[in-house]
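The chain is numbered in sequence order, starting from 1.
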Amino acid sequence: MPDASLTDRTPETVRPVDHPAPKAGMRQLLPYLTPHRRVLTAVAVLALVGSAAALTQPLLIRAVLDRTTHGRPVAAAVALLVTVLVGAAALGGLERYLLQRTGEAVVLDARTRLAEHLIGLPVAEHDRRRTGDLLSRVGADTTLLRAVVTSGLVEAVSGAVIVVGAATAMALLDVSLLLVTLAALAVGIGLVLTVSRKVREASATAQARVGDMTSSVERAITAVRTIRAANAQQRETEAVATSARGAYRAGLRVARLQAVISPAAAVTVQGAAILVLGLGGARVAKGTLSVADLVAFVLYLFLLVLPLGQAISAFTTLQTGLGALGRVEAILALPLEPPGGTQRPVGALVELRDVHFSYGGAEVLRGVSFTVPRGTRTALVGPSGAGKSTVLALVERFYDVSSGSVRVGGHDVRDLDTNALRASTGYVEQEAPALAGTLRDNLLLGDPRASDPDLDRVLGSVGLTDLVARAPEGLATEVGDGGVLLSGGERQRLAIARALLAAPGLLLLDEPTSNLDARNEALLRRAIDTVATGRTLLVVAHRLSTVVDADQIVVMEDGRVVATGTHNELVGTSPLYRELASQQLLV
C-alpha cells in the first residue's frame, strides 16, 4: 500500500466521507425480485384468491342476515361462511410463509452479491471507505429489503384488488354512501402520501448514520489495546456515543414521519365510518336502505379501508427499503478491480520503467526505474515514506501507475491476467495480518490443496514448529481476530509461511523481519535463502543486515531511486546508504 507517511499527510483525500447514496426505485429493485418471480406469482395468485374470499364474506353475512330476518334456514349459509373463513385463513398462512421465505432469499442474494462486490473492489476503494459503514450496508441495509417483500409489494397488489372489489360492491349497494366515503378517504390519503414520500430520504439518512456508528464501534474494538494503553476509553466511548446519538436523531425523524401516518389513517377510517353510520342509519330509518344492506356496506367499508391502510404501510415500507437499497446500489455501482489482459507472466523478471504514481493527491513515486533480473534478490532500502512499499503494491497491481509501466515476465502488469499474476507471486505485507480462524486456515489461504506435511515443512522453515507443538490443538489452534492470540513475530512468520507454501516464482517481502528477534531473524534468513534458489525476490528492508548479501540494493528517497548497487559498492558511492549503514553499525 502507499507509504504511511504520505497517506497520513492527506487523510481528507485518502479517506473522504462517503457521498450520499443515490435514490433507488423499482427499476433497481426488480433484479432482486426477478429470480423469485415464480414464487411471487404463486403468492400473487394466493393473494387474489384470498381477496376474492374476503370480498365474498360481507355477501355471505348479508345472506345469513336476510335468511334470519325472513325466518329461512341458515345452516347452509353459515357452513359456507365458515368454510370461506377457514379457507382464507389457510391460504393467508401459506402466502405469508412463501413471502417470508422469498424475503429471506432476497436478503441472501443481496448480501452475497454485495459481499462479492466488496471483495472485488479495487484496493484504493477500500482505502477511501470506512469498514464499519461497509459492514452496515451488508448487514443492516440488506435486512430492510426483506420488509419490502414481506410487507410491501404483494400486499399492495392484493390490497388494490380488494379496494376495487369493495368499491364496486359498495356502489351496487348505495352510490351516495360510496361517494361520501371516498370524499372522506381522499383527504386522509392525500396527507398520508405526502408524508410517506419523505420517508425514503429520511430512512437513507438514518441508515447512513447507523453506518457511521458501526464505523465508530469497529474502530474502537479493533484498537482496544491501543485505546486502553492510551487511557482513552472515555474519549472513544464519547465518540461512539456521539455517532449513536446521530443515528438516534435520524431514527427519530423517521419515527416522527411514521407517527403522522398512523393517526392520520386512523382518523380517516373513523371519520368515514361515522359518516356512513350516520347517513346510513338515517336511510334505514326512512326505509330506503335495509339493515342487511347497511351492515354489508359497513363491512365493505372496512374491507376498503384495511387494504388502503396496508397499501399506505406498504408504501412507507417500500420507501424505507428503497432508501437502504440506494446505499447498497451505491457500492454495487463502483467498478470492480480491472481484470487485466489475457497474457500470462513468463518468468519472474521485474522491471519498473519511469514509474510515476500519485495517491490521495500526493505524488508518491517520481520516475522510478530499475530491473530485478530473474532468479536474483533485490532489496529496496531508504527512509520511511520513500515509496518502497508502494513499489510492491504496484507489482501486485493493487494500484495502477499514473504513468510509466511495471512489467513482470516481459509484460506490462496491466496486460497480464490479474489472477495469473498473483498466483505466480507471493506477497507478505508489512503488517502481516492473520485472519480469524486456525493456523491451518491461515496457511491454506496460500494453497488450499496443501497437505499437513507441507504445512509442517513451511512452519519449520520459519521457526513456528514449537508454536504448533506446544499448542494442545496443533494446527487447529485459533489465532484470534486479526491474529491477536499470536505475538507480532509469530504473525509475521505465519504470513511468510503462507506465502512460501505456494512456492511462487516471485516473492515480494515487505519488511519480513520487522517483528523478529535476532534468533528468529536468523532462522528466517536461512529459510529465505532456501526458498530463494531459482526464484526472484524483491524485499523491502529497514534492517540492512538482512539484505547485505542481496544481488542488488536499490536506495530510494522521496519517491526516487538515488542509488543502485551492492552493499560494498553503495557504502562507497551513496551518502544516504552509508548513513543508514552507519546508524545500524554495518560500516
For [Y], is there an ion pair with [X] - N to carboxylate O distance below 4.0 angstrom?
X      : Y      : result
Arg491 : Glu429 : no
Asp454 : Arg449 : no
Asp447 : Arg498 : no

**Report entry** Distance under 6.0 Å and angle within 45° of ring axis: Arg113 vs Tyr32
**Finding:** yes

Query raised in the report: Judged by modelled atom types alone, do Arg245 and Thr242 share a side-chain donor-acceptor pair under 3.5 Å?
Result: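 Note: Arg245 and Thr242 side chains meet the donor-acceptor criterion.
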
Distance-only, no hydrogens or angles: does the [X] side chain make a donor-acceptor pair with backbone N or O of [Y] under 3.5 Å?
X      : Y      : result
Arg111 : Leu108 : no
Arg422 : Glu396 : yes
Asn442 : Thr438 : yes
Arg209 : Arg249 : no
His117 : Leu334 : yes
Thr477 : Gly474 : yes

Report task. To the nearest 0.5 Å, tell me how far Thr56 OG1 sits from Leu85 CG. Result ->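 Thr56 OG1 to Leu85 CG: 8.5 Å, rounded to 0.5 Å.
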
Query raised in the report: In Å, rounded to the nearest 0.5 Å, how long is the span from CD1 of Ile119 to CD of Glu337?
Result: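 Between Ile119 CD1 and Glu337 CD, I get 12.5 Å after rounding to 0.5 Å.
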
Report task. Decide yes or no on side chain to side chain contact (heavy atoms under 4.5 Å, CB included) for Leu134 and Leu118, but give the supporting numbers first. Result -> CA-CA 8 Å; Leu134 295 178; Leu118 283 172; 3.8 Å; yes

Report task. Identify the residue among Leu421, Thr425, Leu416 that makes a side chain to side chain contact (heavy atoms under 4.5 Å, CB included) with Arg397. Result -> Leu421

